[in-house]
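Proteins get letters first, then strands, A, B, ... in listed order; numbering begins at 1 in each. These values consider heavy atoms only, across backbone and side chains, with no hydrogens, waters or symmetry-generated copies.
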Amino acid sequence: MTSILGISAFYHDSAACILIDGKIIAAAQEERFTRKKHDPSYPYNAVEFVLKFASLKLNQVDQVVFFEKPFLKFERLIETYMAFAPSGFKSFCMSVPLWLREKLFQKKFLFDKLKKHDENFIDIERIKFSEHHYSHAASAYFPSPFNEAIILTADGVGEWATTTLAIGKNNNLEIKKEIHFPHSLGLLYSAFTYYIGFKVNSGEYKLMGLAPYGTPKYLDKVKQIIDIKDDGTFRLDQRYFNYATGLTMTNNKFNDLFGQKPRNPQTDEITQFHMDIAASIQKVTEEIMINLAKSAQREYKIKNLCLAGGVALNCVANGKIHQENIFDNIWVQPAAGDAGGSLGAALAFWHIEKKNKRYVNPNDDMNGSYLGPEFSQVEIEKELKSLGANFEILSYEDLINETSDFLSQQKAVGWFQGRMEFGPRALGGRSILGDPRSDKMQKNLNLKVKYRESFRPFAPSVLREDLSEWFDIDTDSPYMLLVANVNSNKKIEMNEEQKKLFGIDKLNIKRSEIPAVTHVDYSSRIQTVTKQNNKPYHDLISKFKEKTGCPVIINTSFNVRGEPIVNSPTNAFNCFMGTDLDYLVIGNCILDKSKQDPSLKKDYTKEFELD
Amino acid sequence: MLSFIKEFIEFLRYRKKYWLIPIFLILALFGIIIVLSQGSAVAPFIYTIF
């Protein structure tokens, strides 16, 4: 038996995963345990969890693989400072001491941290390093259901690479082309995220959600700062940016070009200008991704595409690539961000270094991304009792039946079942569910349950067998990483007066039979659900369909704005009592808010720093 | 520390980036000064340099 521990850490979204004989056994992000969103620290709790899940002590682990190479990153840092000198001196003075003090000695640093799990772990040479984008590419290819694929990865930056094109065949994975820092699609998107007043590295989703409210009026201006070639490769005009050596993403020249200063989220409202900017950068991102995909397909003539890296979380762009019919099949790694790097690093070591044969799983090898902790019914009841919760225990059939009743009565339901998801999306393991037919649900869930901006859309979970009847797509999207339009027979067309409405005003118009999951441009970020992937969730939606005729429900992550998705029954109960959730369904227990001790309610609005 | 230096030299050789050696040495020197200067008696010395 060979076990490999993969670790990603020290930038954002640190995580750990464990493979046994090449099979993914467990994976989790540190933020879920420490309750600090995007926690970048050494993933002590995540490592503890994966080791415990695999019933291993660290000393029994054959190899530990870190997801990136610190020396290469340091090389990039030094060369960048040299290229931009003398500007960047302040940033240089801040970052170089940190590197010289600890980051450069990451192997030793990791070794010391690892020893805290097991003092018998004494062999530092068991620690290996993979390249950042190679880890991403491996996380996209090796678990995919293909034995040959083109792999596109794009994110902010790893060591040098920001975008790579790789070819995977059997157990080989070779990077063919790279675009290097400072030319980065991820950083371009983050620069606009910063400009619109959202947090870099977490607000990119909001920018994508804001885009449909605007029109891409600023396309020409965006193209002044990025030179896009026909094959999708690009160069950013560094005169407009400040991220290479500065402490902000953009500079005054950037502000002058677009005519406004970056929005201050504390004082400035989101206006039509910001929506139009969001629409413009989204359009450019889609153009680049589509062109990269097209040129790669033209050159290598392979019919499967795998995607990873933070940019692969841009499900709108993924959906556009799918619509273009460039490839027969597309598979996106559900933990496409840096957390998934831990998985890729371990898989790369198993297949590339150890040269182990690859067995292709036709349903993919991610176990539906349900790779995190789970709690037995006994543990759940014990934890709930200790919290003073009032709950009922139901049989499986009654639980599904009652929960579907709550949903059809348009109640907001916290749904906590089985193993936690790995990656940023909740997929029916740690989800908040609602009725998508209600035209009030989007606003209510956003403002009263999630405490987040009212413009943000919700995603639907749909039975796979009913997908094409409701949405203009007929392919698996188990990880909520493809966007498609609601079918025309389910749409409610806007009248002339409604069409003239701008921005968020459009949100109040009922646009389809499932308005709560229909964005203003009729798009939806779809999760397809099969019995094989998640039986309880499939049974629940089936029951809901039986009662309402609708095989679609709202699925949003079980958390509030700024909070990591709940991990334990305690986290779930706290979130339940801190928000306007009506019911919590956890294992076989059902909790009714009206029957809880009012003194257990808490002010949850200030519990987490807003993102 | 020795294994770190060995690995770093190996890295420079593999990447053919020998020209980084003097930069790295100067940085290491300044790095040590900066680290030492944090709350120590070396602080006034560093102000005269920058």
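Salt-bridge formation is detected for the pair K17(B)/E79(A): a Lys NZ or Arg NE/NH1/NH2 atom is positioned less than 4.0 Å from an Asp or Glu carboxylate oxygen. Salt bridge annotation for K107(A)-E125(A): present, with a cationic side-chain nitrogen under 4.0 angstrom from a carboxylate oxygen.
Note that the NE2 atom of H132(A) and the OG1 atom of T153(A) stand 8.0 Å from one another [nearest 0.5 Å].
For F8(B), the parts lying near chain A are the backbone and the side chain together; criterion is any non-hydrogen pair under 4.5 Å. Contacts of L104(A) with chain B are made by both backbone and side-chain atoms, with heavy-atom separations under 4.5 Å. For a residue to count as touching a neighbouring chain, one of its non-hydrogen atoms must lie under 4.5 Å from one of that chain's; by this rule F92(A) touches chain B with the side chain only.
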Next on the checklist: Would F67(A) and H136(A) count as a ring-ring contact (aromatic ring centres under 6.0 Å, His included) here? Give the steps.
Outcome noted: CA-CA 9 Å; F67(A) 84 129; H136(A) 276 318; 7.3 Å; no

